[in-house]
*Asks:* 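Dropping a structure here in structure tokens format, bear with me for questions.
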Amino acid sequence: MQARDTVWDRVERTLVGLLGALAMLVGLVQVAGRYFFPEHAISWAEEVIVYLVVWGVMIISSQLVRTDGHVRPDLVLRALPAQAQRWVEALNCLAALAFSGGMLWYGWLIASDSWALDERSSTGLAFPMWIYYAALPAGGGLMVIRYLIRLYRYVFHFDARTMTVGHAASHEMPLGVSVPPPD
Amino acid sequence: MGPILFLLLFFGLLAAGMPIFLVLGACAAILFVVSGQPLIGVAQVIIDHLNSSTLMSLPLFVMAATFMRFGGVAKALVDISTAWLGGVRGSLGLVTVVACTLFAAICGSSVATALAMGTILLPAMIEKGYPRSFALGVVGASGTIGIVIPPSLALILYGIVAEQSVPRLFLAGILPGLLQAGAFFAWVWYDSRRRKFPVEPTIPMAERIRVTWRALPALSVPVVVLVGIYGGFVTVTEAAAIAAVVSLFVSLVFYRGFHWTATLSVIADAVKNAGTILLIVATALAFGHWMTESGVPAQLVQWTLAHKFATWEFLLAINVLLLVLGCFLEVVSTLLLVLPILAPALKPLGVDPVHFSIIFTHNMEIALIHPPVGLNLYVLATISTAPIGEVIRGILPFLILLLIVLGIITYVPSLTLWLPHLIYGS
């Protein structure tokens with residue numbers, strides 16, 4: 001299930017890397033400011049960390065589908081013959097499509113309502129909440145695309161050697177660290 | 001009829017290998033529809049539950065652990081333990097226990113601890129002539145210490161679901177964690193003598209000091225976290241952010257496990273690891289939200305009170321239930337499924353929620369190495385290419401030790417509660 005990285009993958013990962021780095025930095029700035037530069041101290045770090053990390057998680061959920069990284073108990077699946085696995089996986093994709101489609105649609109409603117009402121966070125920052133809520137349809141949308149690709153591969157391009165359970169372990173290492181030896 | 005159908009659906013979806021966050025999300029959606037609430041409520045509950053700053057300490061600690069794992073910190077901890085334990089029979093086994101305990105104080109996850117230590121210590125032990133099943137057993141079992149010694153991801157989640165103070169829970173985990181590490185240490189000591197494991201050469205004092213000096217930056221991370229939290233300087237979430245920044249810094253500057261150009265990629269990977277947990281948390285909380293409204297927990301409380309169960313009977317039943325569930329689900333899912341039902345029942349039954357948190361996480365540790373499906377068993381089988389049977393054989397003595405420790409933790413509450421009471425009062 002491990003294809004080569006496309007520009008799309010690299011954009012997703014770089015974006016998430018930046019969001020994660022910002023979250024760490026904001027936390028550091030808040031603590032450092034409080035003790036060393038009280039005149040420049042900020043107090044909204046924890047709120048902003050939530051927005052940054054949730055956006056990061058929603059974007060990376062797309063990579064989780066691609067690399068089969070979502071946590072799932074695969075004991076029963078493992079015991080099935082390859083062809084049975086293929087159709088169970090296809091069914092799983094359909095269920096996942098329904099759920100991520102729901103995330104996309106209802107998330108869109110929540111975010112656009114919040115935009116229309118100009119809803120702000122109740123803190124001093126008064127952050128526009130639609131930006132935070134928009135993470136939900138973004139994650140749902142990305143997962144819909146990834147699950148469509150996955151469904152297509154299981155139905156039309158099934159390869160029992162690489163697409164049965166237990167052949168996606170290479171997602172363990174991040175890029176640029178080192179390549180694990182093949183199993 | 002309804003509940004049975006629902007349980008069938010739930011376990012059916014799990015058995016079909018559907019990702020856990022989807023199973024929980026789909027079940028929550030079905031429950032919302034059946035009880036006549038609009039589906040948009042599920043989405044709203046999911047995004048609202050994620051909007052919690054305490055919850056964000058979890059991804060930040062996961063980031064810290066990821067930097068530590070790829071940054072060469074594990075190696076420094078192994079080196080310092082080897083330097084001081086050289087010359088003792090079976091020292092590499094003892095090193096595993098000590099290094100895992102140190103790593104556990106940096107990282108909040110058992111699987112990450114087993115992975116980080118296993119990749120270094122397994123090849124080393126096998127090369128030196130330790131039986132492979134022993135090497136696998138000691139790494140897998142010591143890895144579980146990661147879940148009780150603070151910072152602990154499981155205890156953060158417990159604090160959120162059961163509405164307990166996370167710093168208090170962290171304190172409660174320290175003594176039981178050390179008891180477990182001590183029990184493992186004693187067993188490895190005894191087993192090494194019995195089976196004549198190799199003796200490593202003693203390391204000269206100058207070298208010991210050099211290695212200790214080198215490990216100091218790594219050991220500074222838990223110190224920063226604990227002093228920050230218990231000195232009242234930072235919140236748990238701020239401490240997690242600081243831990244992430246400091247571990248990135250020591251990885252890049254002192255240990256150079258990865259090149260700085262790979263930083264963004266490693267962070268993305270850390271968010272990905274955190275994302276698997278957060279998505280489960282979000283959908284599980286939606287599920288738990290419905291569960292609480294449905295009144296199931298209240299019924300459970302009434303039922304247990306009506307049958308006049310003694311506290312010890314209740315705890316024993318919970319131990320058994322959690323061990324069984326742990327065979328099917330991993331730590332986070334079990335915690336999020338069971339806790340919303342059990343938490344309201346603790347007070348009426350006279351169980352301290354802080355004491356219960358450690359019983360709970362300890363049960364989860366056992367579940368991690370419990371045959372046939374403990375997660376650490378599979379992690380070890382994967383990184384060592386050993387058959388799962390060999391892993392299980394090696395882990396059995398430690399499993400028995402863990403069960404004994406669980407008994408002590410369950411029936412000697414003061415072991416858990418003494419430290420939090422000392423610091424915070426009761």
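Letters go in sequence order (proteins before strands), and every chain restarts at 1. All heavy atoms count here, side chains included; hydrogens, waters and symmetry mates do not.
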*Asks:* Can you run down the side-chain hydrogen bond (donor to acceptor under 3.5 Å, both in side chains) pairs that involve residues 94-114 of chain A, sequence neighbours left out, and say none if there aren't any?
*Replies:* Ser114(A)-Glu119(A)
*Asks:* Between Leu60(B), Leu279(B), Leu248(B), which shows the greatest number of heavy-atom pairs under 4.5 Å with chain A?
*Replies:* Leu279(B)
*Asks:* Listed by residue number, which members of residues 23-33 of chain B have a heavy atom under 4.5 Å from any heavy atom of chain A?
*Replies:* Gly25(B), Ala26(B)
*Asks:* Take a 6.0 Å sphere around CH2 of Trp87(A) and say whether it holds more than 12 heavy atoms from other residues, nucleotides or ligands.
*Replies:* yes
*Asks:* Give every residue pair that meets the ring-ring contact (aromatic ring centres under 6.0 Å, His included) criterion with at least one member in residues 124-152 of chain A, sequence neighbours excluded.
*Replies:* Tyr51(A)-Phe127(A), Tyr51(A)-Tyr132(A), Trp115(A)-Trp130(A), Tyr152(A)-Phe156(A), Tyr152(A)-His157(A)
*Asks:* Checking Leu50(B) against chain A: side chain, backbone, both or neither under 4.5 Å from a heavy atom?
*Replies:* both
*Asks:* Given that the side chain runs from C-beta out, which part of Met18(B) has a heavy atom under 4.5 Å from chain A: side chain, backbone, both or neither?
*Replies:* both
*Asks:* Go through the atoms of Leu278(B) and report whether side chain, backbone, both or neither lie under 4.5 Å from a heavy atom of chain A.
*Replies:* side chain
*Asks:* Ignoring hydrogens and angles, state whether a donor on the side chain of Gln30(A) or Ser43(A) is under 3.5 Å from an acceptor on the partner side chain.
*Replies:* no
*Asks:* Tell me, side chain or backbone of Met103(A) under 4.5 Å from chain B's heavy atoms, or both, or neither?
*Replies:* neither
*Asks:* Can you tell which of Ile277(B), Thr237(B), Ile160(B) makes a side-chain contact (heavy atoms from CB on, under 4.5 Å) with Leu55(B)?
*Replies:* Ile160(B)
*Asks:* Using non-hydrogen atoms only, which part of Ser52(B) is less than 4.5 Å away from chain A: side chain, backbone, both, or neither?
*Replies:* backbone
*Asks:* Gly139(A), Ala96(A), Gly27(A): which one forms the most heavy-atom pairs within less than 4.5 Å of chain B?
*Replies:* Ala96(A)
*Asks:* For Leu13(B), is it the side chain, the backbone, both, or neither that has a heavy atom closer than 4.5 Å to a heavy atom of chain A?
*Replies:* neither
*Asks:* Is it the backbone or the side chain of Ala21(A) that comes under 4.5 Å from a heavy atom of chain B, or both, or neither?
*Replies:* both
*Asks:* Sort and list the pairs that fulfil salt bridge (charged side-chain N to carboxylate O under 4.0 Å, His left out) and have at least one residue in residues 224-241 of chain B, not counting sequence neighbours.
*Replies:* Arg34(A)-Glu238(B)
